[in-house]
Amino acid sequence: MKISVKNLKNEEVKQVDLPEKVFAYPYKEHLIHLAVEAFLAGIRRGTHKTKNRAEVAGSGRKLWRQKGTGRARMGSVRSPLWRKGGTVHGPQPRSYAKKMSPREKRNALKSALSRKLAENRVVVLESLEVESHKTADLARTLSGLGLSNKTLLVDRYDNHVLQLAARNNPQVKTVDALGLNVYDVVDRHHVVVTEAALGRLLEVLNQ
């Protein structure tokens, strides 16, 4: 299985082999669904918090005597029955993380990438060393490559010029090859990966 390697001028430079073990992996919708669900759950902060009756402000003394007043018995102003009282069974800080085995994560990513390749939405570039950090210049470059929708650029984390050029464009997202996840692949219309990043990615996915 071969794919063309292009430069930033949309000219074919050469072709590289793609291992069928990775890019001809069967499409497994349920596995991709689990991976996306796990990713979205993992980025939830889980910092929601309500105060129970032990944490709200207020005296702990009994408000009036138990009998003889004609009123309902009441032990504390912090009671959940009262305004500004504690909350019963309210949300507490927690982790929403869902576990997936490393093998499941790899297979889900292979399945998502294989689907993108089958739809001709994977572009391999010789390099993403852009000359300008301006957003408009990067947008013109991507447009020249025929990429006008949401695009994922896979390179390396220390390509600072590319990150500066892409960060102000909501249609473009940059990730390191080892930080690629199923959600980003599914969420973006095109996946653009450099030849070097492709090599690093295959080292992981070929396991």
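Just so you know, these numbers come straight off a predicted model, no measurement behind them.
- Salt-bridge annotation for E37 and K98: present, with a side-chain N of the basic residue lying under 4.0 Å from a carboxylate O of the acidic one.
- A donor-acceptor pair under 3.5 Å is absent between the side-chain atoms of T87 and the main chain of G90, judged by distance alone.
- With sequence neighbours excluded, no residue forms a side chain to side chain donor-acceptor pair (under 3.5 Å) with R106.
- A donor-acceptor pair under 3.5 Å is formed between the side chain of S114 and the backbone N or O of K110.
- Atom OG1 of T174 and atom NE2 of H160 lie 11.0 Å apart (nearest 0.5 Å).
- Looking only at distances, no side-chain donor or acceptor of K6 sits under 3.5 Å from a matching main-chain atom of V124.
- The environment of CG in N168 is sparse: at most 12 heavy-atom neighbours from other residues, nucleotides or ligands sit within 6.0 Å.
- Between K14 and E195 there is a salt bridge, since at least one side-chain N of the basic residue sits less than 4.0 Å from a carboxylate O of the acidic one.
- A donor-acceptor distance shorter than 3.5 angstrom exists from the side chain of K62 to the backbone of M74, with no hydrogens or angles considered.
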Donor-acceptor pairs under 3.5 angstrom involving side-chain atoms of residues 24-31: please list them, not counting sequence neighbours.
unit_1: Y25; atom_1: OH; unit_2: K28; atom_2: NZ; d: 3.2
unit_1: Y25; atom_1: OH; unit_2: N107; atom_2: ND2; d: 3.4

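- Salt bridge status for R121 with E119: present, with a side-chain N to carboxylate O gap under 4.0 Å.
- With values rounded to the nearest 0.5 angstrom, N159 atom CG is found 9.5 Å from L153 atom CG.
- Under the rule for a side chain to side chain donor-acceptor pair (under 3.5 Å), K51 has no partner lying at least two apart in sequence or in another chain.
- Every side chain to side chain contact (heavy atoms under 4.5 Å, CB included) that R71 has, sequence neighbours left out, goes to W64, T69.
- Between the side chain of T151 and the main chain of N149, a donor-acceptor pair closer than 3.5 Å is present.
- Salt-bridge check for E129 with R156: passed, with a basic side-chain N closer than 4.0 Å to an acidic carboxylate O.
- In this structure R140 satisfies the side chain to side chain donor-acceptor pair (under 3.5 Å) test together with D137, sequence neighbours excluded.
- For Q66, the CD atom sits in a packed shell: over 12 heavy atoms of surrounding residues, nucleotides or ligands are nearer than 6.0 Å.
- In this structure, L198 and V193 approach most closely via the heavy-atom pair N-CG2, 3.6 Å.
- Using a 4.0 Å cut-off between charged nitrogen and carboxylate oxygen, R200 and D176 count as a salt-bridge pair.
- Between the Q92 side chain and the T50 main chain, a donor and an acceptor come within less than 3.5 Å of each other.
- No side-chain donor-acceptor contact under 3.5 Å links R188 to the backbone of K150.
- Only one option out of T194, L138, V172 pairs with L162 in a side chain to side chain contact (heavy atoms under 4.5 Å, CB included); it is L138.
- The aromatic rings of F39 and Y183 lie parallel to each other, with less than 30° between the two planes, well short of the 60° mark.
- With sequence neighbours left out, the side chain to side chain donor-acceptor pair (under 3.5 Å) criterion links E55 to K49.
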